[in-house]
Visitor: 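Below is a structure I'd like to ask you about.
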Amino acid sequence: MAIKSNRAVRFCFVWLLLLQSGFVFPLPQPCRNLVLYFHDVLYNGFNAHNATSTLVGAPQGANLTLLAGKDNHFGDLAVFDDPITLDNNFQSPPVGRAQGFYFYDMKNTFSSWLGFTFVLNSTDYKGTITFSGADPILTKYRDISVVGGTGDFIMARGIATISTDAYEGDVYFRLRVNITLYECY
Amino acid sequence: MAIKSNRAVRFCFVWLLLLQSGFVFPLPQPCRNLVLYFHDVLYNGFNAHNATSTLVGAPQGANLTLLAGKDNHFGDLAVFDDPITLDNNFQSPPVGRAQGFYFYDMKNTFSSWLGFTFVLNSTDYKGTITFSGADPILTKYRDISVVGGTGDFIMARGIATISTDAYEGDVYFRLRVNITLYECY
Amino acid sequence: MAIKSNRAVRFCFVWLLLLQSGFVFPLPQPCRNLVLYFHDVLYNGFNAHNATSTLVGAPQGANLTLLAGKDNHFGDLAVFDDPITLDNNFQSPPVGRAQGFYFYDMKNTFSSWLGFTFVLNSTDYKGTITFSGADPILTKYRDISVVGGTGDFIMARGIATISTDAYEGDVYFRLRVNITLYECY
């Protein structure tokens with residue numbers, strides 16, 4: 001027993017020292033996983049009623065009702081308030097809103113950068129998760145960072161794996177977001 | 001004594017395993033709490049001298065000197081550099097600057113999204129705290145995430161509870177920010 | 001041995017209690033350090049081919065091909081996709097892209113606010129690091145927050161010390177970024 005106890009103490013000790021000493025830790029097991037969908041309908045000059053997002057900035061020479069034609073929309077900046085659903089059906093009852101902004105940031109391909117918050121308000125979850133990071137749209141699965149959370153997700157940390165589930169021209173797209181949290185309170 | 005020691009070792013062990021195993025932890029006690037105010041004076045075409053923020057983006061059909069009239073300012077994007085004070089008096093000596101951006105992101109109510117940094121430079125605090133998240137303006141208290149910090153607030157984690165302390169039309173508003181940090185170095 | 005063991009157990013115990021009790025911890029040793037450079041070439045109306053960034057928002061009365069002349073570019077908002085290099089040579093083979101946005105946020109001096117991601121794709125590193133915070137340009141060294149990471153930098157935490165390594169008028173600037181991570185997986 002004494003031997004076992006001493007080994008445990010030593011393990012404990014070492015672990016705590018590592019915590020303070022710049023050690024690279026193994027990734028812990030996830031403590032929470034959510035799969036959600038959100039739906040973006042970009043204003044194009046004709047869909048004011050249905051649109052959930054709108055361009056608010058664009059490079060010189062472009063206008064705000066059409067995505068910049070050349071340079072893969074480089075510089076177009078949109079603000080959005082999109083419904084979040086549990087499945088891929090736009091008509092499903094929303095469990096919250098995805099609110100934030102994105103902009104196209106590459107000239108030679110389609111690529112964007114995202115900053116947004118999931119504002120969840122359902123029987124299952126009440127709280128927010130905030131995300132930010134680069135989104136190379138044409139890649140099937142791309143990871144962005146969970147940078148914070150409130151409510152049920154207070155101080156959430158982790159990543160979200162985004163995939164484009166569907167899109168229609170430049171007006172509608174649907175993103176599947178697989179959220180993996182590694183620190184939960 | 002041996003029994004006590006073994007119990008402690010076991011507790012210690014269990015805790016470390018939990019840390020690695022996807023356990024949902026109880027929220028720790030806060031390690032720091034600050035209450036600060038910041039004051040936003042939006043440029044409206046007539047107050048260039050006093051303004052601390054300005055619109056830099058707006059949806060199609062809107063202009064940059066007036067908040068978008070319809071749709072609850074949906075799409076209006078402002079950049080700000082606001083004084084931070086210890087109390088709710090605009091004339092109090094500032095202890096730092098709140099710098100960042102916000103935009104209105106809902107069509108059917110007033111709601112915004114914030115990304116900003118408190119740059120604190122007083123005898124009490126030197127450093128920055130960066131926040132981001134959804135801000136449903138009409139709710140009395142709303143939580144946003146602390147996403148980072150530098151200086152005295154290096155790697156700060158926690159939340160900020162924001163409330164609108166006062167406002168005058170579309171030109172002036174004052175926010176009370178109650179910052180609660182759960183991880184301090 | 002028994003005495004030593006008990007002291008260790010007590011230390012272990014105390015440390016775990018501190019973790020939950022709002023204690024201010026000593027900063028751990030860094031677990032990773034990277035020094036990288038990125039190069040921004042702002043579109044000015046004549047350099048469409050070379051430009052890596054472009055204005056997409058500006059205050060009332062300004063245009064998108066010139067930085068706002070008065071008020072230290074206050075309100076100018078740029079989107080960028082800049083090459084990252086290991087040294088300060090613009091011609092060096094890029095190890096990734098710095099993608100994000102910045103805006104000028106002070107009327108009485110040059111100051112900006114940054115939100116961006118290092119998308120690294122080299123033999124050494126594959127993954128992203130996302131940064132955000134205030135950037136008082138005229139200060140030699142300024143710290144911004146690491147707010148997240150993916151891939152090799154999953155859940156990275158720490159700070160980045162930015163310095164302006166070189167600039168040419170309003171068109172070109174090069175930033176040196178010294179990234180210090182305190183939590184690595």
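In what follows, every chain begins at residue 1, and chains take the letters A, B, ... in the order their sequences are listed.
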Visitor: What option among A:Leu64, A:Asn63, A:Thr65 has the most heavy-atom pairs under 4.5 Å with chain B?
Guide: A:Leu64

Visitor: Where does A:Val119 contact chain B at under 4.5 Å (heavy atoms): side chain, backbone, both or neither?
Guide: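 Answer is side chain: those atoms of A:Val119 sit under 4.5 Å from chain B.
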
Visitor: Are any non-hydrogen side-chain atoms of B:Asp71 and A:Thr54 less than 4.5 angstrom apart?
Guide: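 B:Asp71 does not reach A:Thr54 side chain to side chain.
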
Visitor: By a 4.5 Å heavy-atom criterion (distance strictly below it), what part of A:Phe116 contacts chain B: side chain, backbone, both, or neither?
Guide: backbone

Visitor: Which one, A:Ala78, A:Gly151, A:Gly148, A:Gly100, leads in non-hydrogen pairs under 4.5 Å with chain B?
Guide: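 Max contact count across the listed options: A:Gly100.
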
Visitor: Between A:Thr130 and chain B, with a heavy-atom cut-off of 4.5 Å, which part of the residue counts as in contact: side chain, backbone, both or neither?
Guide: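 Looking at A:Thr130, just its side chain touches chain B.
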
Visitor: Can you confirm whether B:Leu42 sits close enough to B:Asp170 that some side-chain heavy atom of one is under 4.5 Å from a side-chain heavy atom of the other?
Guide: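 No. Closest side-chain heavy atoms not under 4.5 Å.
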
Visitor: Is it the side chain or the backbone of A:Leu181 that comes within 4.5 Å of chain B heavy atoms, both, or neither?
Guide: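 It is neither, since no heavy atom gets under 4.5 Å.
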
Visitor: Counting only heavy atoms closer than 4.5 Å, note whether A:Ile154 contacts chain B via side chain, backbone, both or neither.
Guide: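 Side chain only.
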
Visitor: Would you say the side-chain atoms of A:Thr150 pair up with the backbone N or O of B:Ile144, donor to acceptor, closer than 3.5 Å?
Guide: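 No.
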
Visitor: Looking at chain A, which one of B:Gly57, B:Gly75, B:Ala58, B:Ala134 has the largest number of heavy-atom pairs inside 4.5 Å, strictly under?
Guide: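 Max contact count across the listed options: B:Ala58.
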
Visitor: A:Asn47 side chain to A:Asn44 main-chain N or O, any donor-acceptor pair under 3.5 Å?
Guide: yes

Visitor: Return yes if some donor-acceptor pair links the side-chain N/O of A:Asp81 with the main-chain N/O of A:Gln99 below 3.5 Å, else return no.
Guide: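 Side chain of A:Asp81 to backbone of A:Gln99, a donor-acceptor pair under 3.5 Å: no, none is there.
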
Visitor: Chain B heavy atoms under 4.5 Å from A:Ala48: which part of the residue, side chain, backbone, both or neither?
Guide: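 Backbone only.
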
Visitor: Hey, which of B:Gly61, B:Gly158, B:Gly115, B:Ser112 has the most heavy atom pairs under 4.5 Å with chain A?
Guide: B:Gly158

Visitor: Measuring heavy-atom distances to chain A, does B:Pro59 have an atom under 4.5 Å in its side chain, in its backbone, in both, or in neither?
Guide: both

Visitor: Who among A:Gly45, A:Gly127, A:Ala51 has the most heavy-atom pairs with chain B under 4.5 Å?
Guide: A:Ala51

Visitor: Going from OH on B:Tyr182 to CG on B:Asn33, what distance comes out if it is rounded to the nearest 0.5 angstrom?
Guide: 9.0 Å

Visitor: Can you tell me which portion of A:Ser132 sits under 4.5 Å from chain B's heavy atoms? Options are side chain, backbone, both or neither.
Guide: neither

Visitor: Write down the atom of B:Tyr185, the atom of B:Arg32, and the distance for their closest heavy-atom approach.
Guide: O-NH2, 4.4 Å

Visitor: Given B:Phe38, which of B:Phe173, B:Phe118, B:Phe90 fulfils the ring-ring contact (aromatic ring centres under 6.0 Å, His included) condition?
Guide: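 Checked B:Phe173, B:Phe118, B:Phe90 against B:Phe38; only one passes ring-ring contact (aromatic ring centres under 6.0 Å, His included): B:Phe118.
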
Visitor: So what's closer than 4.5 Å to chain A heavy atoms on B:Tyr104: side chain, backbone, both or neither?
Guide: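 The backbone, not the side chain.
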
Visitor: Check whether any side-chain N or O of A:Ser122 sits under 3.5 Å from a backbone N or O of A:Asp124 as a donor-acceptor pair, and report yes or no.
Guide: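 Flag set: sc A:Ser122 to bb A:Asp124 pair under 3.5 Å.
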
Visitor: Checking the side chain of B:Arg174 only, and the main-chain atoms of B:Tyr37 only, is there a donor and an acceptor separated by less than 3.5 Å?
Guide: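 No; judged by distance alone, with no hydrogens or angles, the pair does not exist.
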
Visitor: Counting only non-hydrogen atoms closer than 4.5 Å, does A:Phe131 touch chain B with its backbone (N, CA, C, O), its side chain (CB onward), both, or neither?
Guide: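 Neither part; nothing is under 4.5 Å.
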
Visitor: Taking the side chain from B:Ser163 and the backbone from B:Asp165, do they hold a donor-acceptor pair closer than 3.5 Å?
Guide: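 No, B:Ser163 side chain to B:Asp165 backbone: no donor-acceptor pair under 3.5 Å.
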
Visitor: Below 4.5 Å from any heavy atom of chain A, which atoms of B:Phe103 appear? Answer side chain, backbone, both or neither.
Guide: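 Contact with chain A involves the side chain of B:Phe103 alone.
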
Visitor: I'd like to verify something: which residue of B:Asp143, B:Leu77, B:Asp105 has the highest number of heavy-atom pairs under 4.5 Å with chain A?
Guide: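 Of B:Asp143, B:Leu77, B:Asp105, B:Asp105 has the most heavy-atom pairs under 4.5 Å with chain A.
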
